[in-house]
Amino acid sequence: MQKIIRTDNVRVRFAPSPTGLPHIGNIRTALFNWLFARHHGGKFIVRVEDTDQDRLVPGATDAVLEALDWLDIQWDEGPRVGGPYGPYFQSQRLDIYQKLADDLLDREWAYRCYCSEARLKDMREAQAREKSQTGYDRHCRNLSKDERRAQEAYGGKSVIRFAVPLSGATVVEDLIRGQVVWQNELLDDFILIKSDGFPTYHMAVVTDDHLMEISHVMRAEEWLPSTPRHLQLHQALGQEPPQFAHLPMILGPDRSKLSKRHGATFVLDYRDQGFMQEALVNFLELVGWSLDDHTEIMTPSTVIENFSLERVNKAAAIFDYEKLTWMNGMYIRQLSEEDLADRVLPILEKGLPSEWLPVDRGYLLRIVPLIRERIKLLTDATDMTDFFFQTDLDFDPKRLIQKGMDHQSAMSALAACQAELTNAEAFEHEPLEQALRAAATELGLTHRQFFGTLRVAATGKDATPPLFETMEVLGRDRVLDRIRQAIQRLGDAETD
RNA sequence: GGCGCGUUCGUCUAGAGGCCCAGGACACCGCCCUCUCAAGGCGGAGAUCAAGGGUUCGAAUCCCUUACGCGCUACCA
């Protein structure tokens with residue numbers, strides 16, 4: 001029987017743990033939760049799961065929020081914005097977990113465990129050696145009253161473990177995967193409260209999902225195996241569990257879980273690399289979900305309107321950097337000149353040598369249409385436009401001599417250009433092109449050769465935006481100056 | 001080892017019994033356009049739908065088995 005998806009009072013959450021920088025997988029999970037909330041007119045909540053004091057990374061929470069900000073994924077409750085279900089940092093809710101755990105202790109749904117780490121380690125090694133079932137052996141679950149008293153009197157460290165039912169089965173109706181069943185005898189007595197007084201993920205997540213009235217838990221598939229624990233805990237606490245949906249994982253090119261070792265995995269790195277926020281979001285929406293059989297470029301509102309868990313895939317997906325790059329190019333081409341200029345300006349200011357700065361926005365505005373369909377990453381703009389800002393070109397004069405030409409013909413070509421450009425009435429690309437085409441024919445050079453020489457002289461490069469538009473933007477003085485210098489250098493090269 | 005999930009072109013995917021000897025996109029190749037580089041247009045190659053058994057008049061779609069991949073198996077999340 002297919003479970004009906006709740007659509008009223010939708011409250012979903014993104015629950016990052018600040019133990020590292022936010023990566024692609026985390027953010028895709030956040031995105032899907034956000035889309036689901038927006039589609040159903042519900043709330044999207046951010047809750048920081050900072051229960052692991054040893055692995056806390058300073059600044060990680062800020063990085064997560066910054067990534068969400070960058071991608072324009074707004075949260076309705078959580079850090080910075082607050083909300084009626086706070087606090088939204090689990091480290092500030094310790095008393096809540098402790099109280100619930102004590103309650104479980106009283107009702108014998110939980111027990112104190114005094115096992116040392118050494119004992120647990122030995123136990124695990126023995127289990128591995130004997131290839132028997134892994135998991136806690138319930139040593140402390142079976143302690144007598146006296147033994148327990150003795151342990152308490154001794155005053156050593158202890159943890160609180162959940163007493164999992166020894167028989168029966170736990171069933172989840174996953175909204176994406178369907179029914180999944182686990183035999184309870186295979187679950188072990190997991191820890192609720194660690195010896196430092198902090199809850200484990202399981203304790204905290206179950207408590208807060210209930211207290212914050214989370215309606216759907218949407219998380220990566222790696223959490224599926226811990227779902228029966230959560231269901232059991234909800235039941236022990238007398239709570240109605242939320243609905244679950246386990247999202248397919250995002251894998252690296254080697255098909256293993258995406259991680260640092262796959263290189264660019266941190267979301268903010270993509271911003272630095274020149275990806276547009278809109279493109280990354282669009283791309284991520286398409287890993288694990290599709291609108292139909294052909295639509296790929298979609299506005300956020302289109303996706304929100306059409307998002308549904310029924311169209312979420314079950315199979316894990318490999319992160320395709322090439323396709324993301326293509327999509328980024330598509331987005332760049334859709335940008336207005338103003339918008340592109342605004343996005344490229346800070347990149348140039350950062351990437352160009354300081355002596356060529358500052359970049360004049362008006363000048364940039366004239367350059368931008370020439371590069372718009374030639375860059376895939378915003379950062380490509382630096383290499384593509386540097387000659388517009390460069391004060392002195394630097395190139396091997398031999399490159400002025402195009403294929404099939406010799407020193408003399410290159411010299412004549414440059415002289416002809418010099419004459420034409422000096423005499424041109426309007427320094428605009430159309431008349432320039434006409435005049436120069438004629439000049440090429442007169443010299444008996446192909447356009448490829450003639451314009452090739454001029455291109456190197458005017459830009460120092462072999463591949464540039466269209467030559468005539470480029471020269472128009474550079475302006476007569478600068479182009480003539482560069483040609484003069486090219487002639488000079490070509491002459492010097494001969495005498496060498 | 002145990003448990004769980006998954007399996008359609010290299011990659012992202014469409015497909016919910018006949019519309020599919022499988023459609024779209026990225027990447028790749030060719031042609032066109034062309035002053036270079038792109039963009040764009042057109043075309044091509046690329047999947048015996050993991051394999052094998054069923055069910056059915058008919059299966060990528062339903063069932064079973066196997067294989068492979070991945071995840072979990074911490075006082076990490």
Side-chain angles (χ1 to χ4, degrees), chain A residues 15-20 49-52 54-55 113 115 117 120-121 124 127-136 157-161 174 176-177 180-183 186-188 190-196 198 200-202 204-205 219-228 246 248-249 251 253 255-257 283 286-297 310-311 313-327 329-330 333 371-376 384 402 433 436-437 440 446-456 459 461-468 470:
Chain A
S17 76
T19 52
E49 313 225 318
D50 51 350
T51 56
D52 185 345
D54 297 333
R55 294 200 312 150
C113 168
C115 292
E117 289 196 41
L120 293 175
K121 184 164 173 273
R124 267 193 297 273
Q127 288 168 344
R129 216 177 309 121
E130 289 155 28
K131 293 189 193 283
S132 60
Q133 200 192 312
T134 54
Y136 182 57
K157 283 187 172 180
S158 68
V159 301
I160 300 176
R161 286 184 185 271
D174 189 275
I176 292 171
R177 271 143 234 288
V180 185
V181 182
W182 290 268
Q183 294 306 313
L186 265 18
L187 306 176
D188 77 339
F190 57 97
I191 293 172
L192 261 18
I193 303 286
K194 298 182 265 190
S195 58
D196 65 0
F198 277 73
T200 57
Y201 169 78
H202 308 296
V205 84
R219 70 217 317 187
E221 190 192 348
E222 59 194 292
W223 294 108
L224 187 55
S226 60
T227 306
H246 288 90
M249 305 232 294
L251 312 176
R255 300 206 141 274
S256 71
K257 189 167 150 182
F283 178 77
L286 253 15
V287 2
W289 181 83
S290 62
L291 175 60
D292 53 30
D293 61 346
H294 65 280
T295 310
E296 304 214 284
I297 306 294
E310 281 119 60
R311 290 194 69 85
N313 264 347
K314 290 184 177 72
I318 292 173
F319 186 78
D320 187 352
Y321 190 88
E322 295 273 353
K323 189 156 182 174
L324 202 212
T325 306
W326 163 78
M327 190 169 279
M330 292 291 283
R333 273 169 255 139
I371 64 166
R372 185 165 39 191
E373 56 195 34
R374 273 165 254 272
I375 59 175
K376 286 201 164 76
M384 183 108 12
Q402 298 286 299
E433 177 164 3
L436 290 167
R437 277 179 185 280
T446 63
H447 293 150
R448 191 188 186 92
Q449 294 172 318
F450 187 73
F451 297 146
T453 297
L454 178 53
R455 166 172 286 107
V456 172
T459 69
K461 291 177 183 271
D462 297 315
T464 69
L467 226 205
F468 310 105
T470 298

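Convention: sequence-line order gives letters A, B, ...; per-chain numbering from 1.
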So, is [X] near the phosphate of [N], with a side-chain N or O under 4.0 Å from OP1 or OP2?
{"X": "A:R255", "N": "B:rG71", "result": "no"}
{"X": "A:S290", "N": "B:rA14", "result": "yes"}
{"X": "A:K194", "N": "B:rC76", "result": "yes"}
{"X": "A:T51", "N": "B:rA77", "result": "yes"}
{"X": "A:N313", "N": "B:rG6", "result": "no"}

How would you label the contact of A:K323 with the nucleic acid (heavy atoms, under 4.0 Å): base, sugar-phosphate, or nothing? base
For a quick check of understanding: with a heavy-atom distance under 4.0 Å over all strands, which category does A:K157 fall into, base, sugar-phosphate or nothing?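 Answer is nothing: A:K157 stays at 4.0 Å or more from every strand.
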Indicate whether the side chain of A:R124 and that of A:T134 have a donor and an acceptor atom separated by less than 3.5 Å. no
Please write out each protein N/O paired with an N/O of nucleotides 65-67 of chain B under 3.5 Å, distance rounded to 0.1 Å.
none

By nearest atom, which of the nucleotides [options] is closest to the [X] side chain?
{"X": "A:R455", "options": "B:rC3, B:rU36, B:rC12", "answer": "B:rU36"}
{"X": "A:H294", "options": "B:rA77, B:rG24, B:rC35", "answer": "B:rG24"}
{"X": "A:E296", "options": "B:rG71, B:rA25, B:rA14", "answer": "B:rA25"}

Side-chain donor/acceptor contact of A:R55 with base of B:rC76 under 3.5 Å: yes
Sticking with atom P, work out how far B:rG17 lies from B:rU73, rounded to a whole angstrom.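 Rounded to whole Å, the distance is 38 Å.
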Distance check, P atoms only: B:rC63 and B:rC20, in whole angstrom units.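 Their P atoms lie roughly 24 Å apart.
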Does atom NZ of A:K314 have more than 12 heavy-atom neighbours from other groups under 6.0 Å away?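 Not buried by this count: 12 neighbours or fewer within 6.0 Å.
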Kindly give the atom pairs (protein nitrogen or oxygen, nucleotide nitrogen or oxygen) under 3.5 Å for nucleotides 37-47 of chain B.
residue, atom, partner, partner atom, Å
B:rC37, O2, A:R374, NH1, 3.1
B:rC37, N3, A:R374, NH1, 2.5
B:rA38, O2', A:E373, O, 2.5
B:rA39, OP1, A:K376, NZ, 3.3
B:rA39, O4', A:E373, O, 3.3
B:rA39, O3', A:R333, NH1, 3.1
B:rG40, OP1, A:R333, NH1, 3.2

